[in-house]
Number of protein chains: 2
Amino acid sequence: MGELPHITLDRSSPVPLYFQVARQLERAIVDGSLAPGDRIMNEVELAARLGLSRPTMRQGMQLLVDKGLLVRKRGVGTQVVGPKIRRPFELTSLHDDLASSGQPQATTVLSCSVIQADEELSVELQVPVGDPVWSLERLRNVRDEPFALMHNFLPVDVVDLHGVDLATRGLYAVLREAGVQLRVANQRVGARRADAREARLLGERRGAPLLTMTRTAFDSAGRAVEYGDHVYRADRYTVELTLVDR
Amino acid sequence: MGELPHITLDRSSPVPLYFQVARQLERAIVDGSLAPGDRIMNEVELAARLGLSRPTMRQGMQLLVDKGLLVRKRGVGTQVVGPKIRRPFELTSLHDDLASSGQPQATTVLSCSVIQADEELSVELQVPVGDPVWSLERLRNVRDEPFALMHNFLPVDVVDLHGVDLATRGLYAVLREAGVQLRVANQRVGARRADAREARLLGERRGAPLLTMTRTAFDSAGRAVEYGDHVYRADRYTVELTLVDR
DNA sequence: TAGTGGTCTAGACCACAAT
DNA sequence: TTGTGGTCTAGACCACTAC
């Protein structure tokens, strides 16, 4: 029959039922109440016990299947894969990543001004050449050691960065508060040698290997909102991601 | 009202209707028949025209929303984001990536033997220390230029590599044919200097920056099936990925 | 044969955005 | 107020797996 996860539903909550199911199932897996390899009670039975229709139950479980936490096999049942799979790579800024990891960090704003878009920016941000864009350069330290040199560009009508304290607040937090909803981003990760300036700022030797990341982020309307060109000390940073085959 | 995509359904096909819808919508977007910013006809009307129920229609469109090709706004409608968003980073091997890009490539098998798992492999592949695992090292050339040095490890009971022609066939293709269904993978991308051997094999100078990628792949039962430790010439390869915020 | 997930239907009511 | 997507129901039939 399979394990019976403990799930309570609040039908007066604005949170969708399928999401309540998914959240509580996920917690049970992370808690260890549901161990890897456990078979979960079948969909029909589970839906009946919770007073849900089967499609709603399925929708909730599907979220966890998409995350790689559950595996369904036709004719067999649904099994817990395990909580060790990291979250699918989410759309977060480095600031968020570090803040949530509890590392002490500090950011120095090297420059923040409006420039005219050149050819490259015109392509990446989908604006005409010569259009005004914010150019923002920051150096980030973690545990008092230089870590990343970040160069961001944003069309000026996306957000006003005048007087914004970007040393304390992450760029993505500023964007969120300005009502910008980031939705998709294209990233390119590569490597190259540090030039003289990068080496000096990052406390490396010239020619040292750097991890590079460029990213264009789009809002929910499909508009290019931000283009970032960042370099990281290769000895202090790696990009981690989880791929899920559907 | 919005654009009316041209979609034909084959109800006798074993391909699910929602998938037929998604595939044809996607092609229309990539073709340019549906341009970025276009509003698609609303779900209800579209379902009616195709003789589908609304949930089935939604399921098809949801696939493209998840891929970042479409954006839905409550009270507004569904819009095409654009074909320029690359596919969400899928679980493909480098062999697949290159083959689909049409680049002429050649692979040299440097070694293929069974070794005993050390501590690191024990952790990554979730097998006891000392267990036999395949150790496979390959050098890949693209357009007659060295490109990547790939080291893979697999538990011996996953697949038998004796006599398998890994110069012609990609490792993932071999795994698929052996009935292994890859499902999720954790990747770590970083950078470091080339050591003497890597430099020689890749035609680089010692100390040149390399892009590194390690990956553990799990099958549909959550079992670790393959661990790869690869290095790429940084001047010839970057990792591209698309992030979608949900 | 029995049990499971995969797909599909034909509706319903609600929340939100534009008008 | 109208139109849109968001959610949900109560079934149905099928394909695959294990026994």
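Convention: sequence-line order gives letters A, B, ...; per-chain numbering from 1.
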Discussion item. Any base atoms under 4.0 Å from A:Pro14, or only sugar-phosphate, or nothing? Heavy atoms, all strands.
Written reply: nothing
Discussion item. Under a 3.5 Å cutoff, is there a donor and acceptor pairing between the side chains of B:Gln79 and B:Arg39?
Written reply: no
Worksheet item: Would A:Asp157 and A:Arg223 count as a salt bridge (Lys or Arg N to Asp or Glu O under 4.0 Å) if you check the C-alpha gap in whole Å, the side-chain angles of each, and the deciding distance to 0.1 Å?
Response: CA-CA 12 Å; A:Asp157 50 352; A:Arg223 178 188 183 203; 2.8 Å; yes
Discussion item. Measure CE/B:Met41 against C1'/D:dG3 and give the value in whole Å, please.
Written reply: 14 Å
Discussion item. Please determine whether a side-chain nitrogen or oxygen atom of A:Arg54 lies at a distance below 4.0 Å from atom OP1 or OP2 of D:dT9.
Written reply: no
Item to complete: Using only side-chain N and O atoms of A:Asn42, determine if any of them is under 4.0 Å from OP1 or OP2 of C:dT4.
Response: yes
Worksheet item: From the list D:dT7, C:dT7, C:dC16, which nucleotide is the closest neighbour of the side chain of A:Pro16?
Response: D:dT7
Worksheet, complete the sentence: A:Gln79 CD to D:dT17 P, in whole Å, measures 14 Å
Practice prompt. Would you indicate which nucleotide in C:dG6, C:dA10, D:dT7 comes nearest to any side-chain atom of A:Gln59?
Written response: D:dT7
Worksheet item: Which part of the nucleic acid, if any, lies within contact of A:Gly60, taking any heavy atom under 4.0 Å across all strands shown: a base, the sugar-phosphate backbone alone, or nothing?
Response: nothing
Response to the item:
From CD of B:Gln20 across to P of C:dG6 the rounded distance in Å is 19 Å
Practice prompt. Tell me whether the OP1 or OP2 atom of C:dT9 has a side-chain N or O from B:Thr56 closer than 4.0 Å.
Written response: yes
Discussion item. From C-beta outward on B:Glu43, which listed nucleotide comes closest to its side chain: D:dC8, D:dA10, D:dG6?
Written reply: D:dG6
Worksheet item: Given C:dG6, is OP1 or OP2 found less than 4.0 Å from the side-chain N or O atoms of A:Arg58?
Response: yes
Worksheet item: To the nearest Å, how far apart are A:Gln62 CD and C:dG5 P?
Response: 12 Å
Worksheet item: With distance as the sole criterion, is a donor-acceptor pair present between the side chains of B:Tyr227 and B:Glu120 under 3.5 Å?
Response: yes
Fill in: Residue whose nearest DNA chain D nucleotide is more 5′ - B:Gly75 or A:Val15
B:Gly75
Discussion item. Looking at B:Thr8, is its backbone amide N or carbonyl O close enough to the side chain of B:Gln24 to form a donor-acceptor pair, meaning the two atoms are under 3.5 Å apart?
Written reply: yes
Discussion item. Which is more 5' along DNA chain D, the nucleotide nearest A:Phe19 or the one nearest B:Thr78? Just name the residue.
Written reply: B:Thr78
Worksheet item: Taking the side chain from B:Trp134 and the backbone from B:Val158, do they hold a donor-acceptor pair closer than 3.5 Å?
Response: no
Item to complete: Round to a whole Å and report the spacing from CG of A:Leu46 to P of C:dT4.
Response: 12 Å
Worksheet item: Distance-only, no hydrogens or angles: does the A:Gln20 side chain make a donor-acceptor pair with backbone N or O of A:Val15 under 3.5 Å?
Response: yes
Worksheet item: Between A:Arg72 and D:dA15, does any side-chain N or O lie under 4.0 Å from OP1 or OP2?
Response: no
Discussion item. If I take atom CG in residue A:Leu17 and atom P in nucleotide C:dC14, what distance separates them, rounded to the nearest angstrom?
Written reply: 14 Å
Response to the item:
Ranking C:dG5, C:dT9, D:dT7 by distance to the side chain of B:Leu52, first place goes to C:dT9
Discussion item. When you measure from the side-chain N and O atoms of B:Tyr18 to the phosphate of C:dC8, is any distance below 4.0 Å, counting only OP1 and OP2?
Written reply: no
Worksheet item: Want to settle it: does B:Ser53 or A:Lys73 sit nearer the 5' end of DNA chain C, counting the closest nucleotide to each?
Response: A:Lys73
Fill in: Rounded distance (Å) that lies between atom P of D:dT7 and atom CE of B:Met57
18 Å
Fill in: Length of the line joining B:Met61:CE and D:dT4:P, which is rounded to integer Å
12 Å
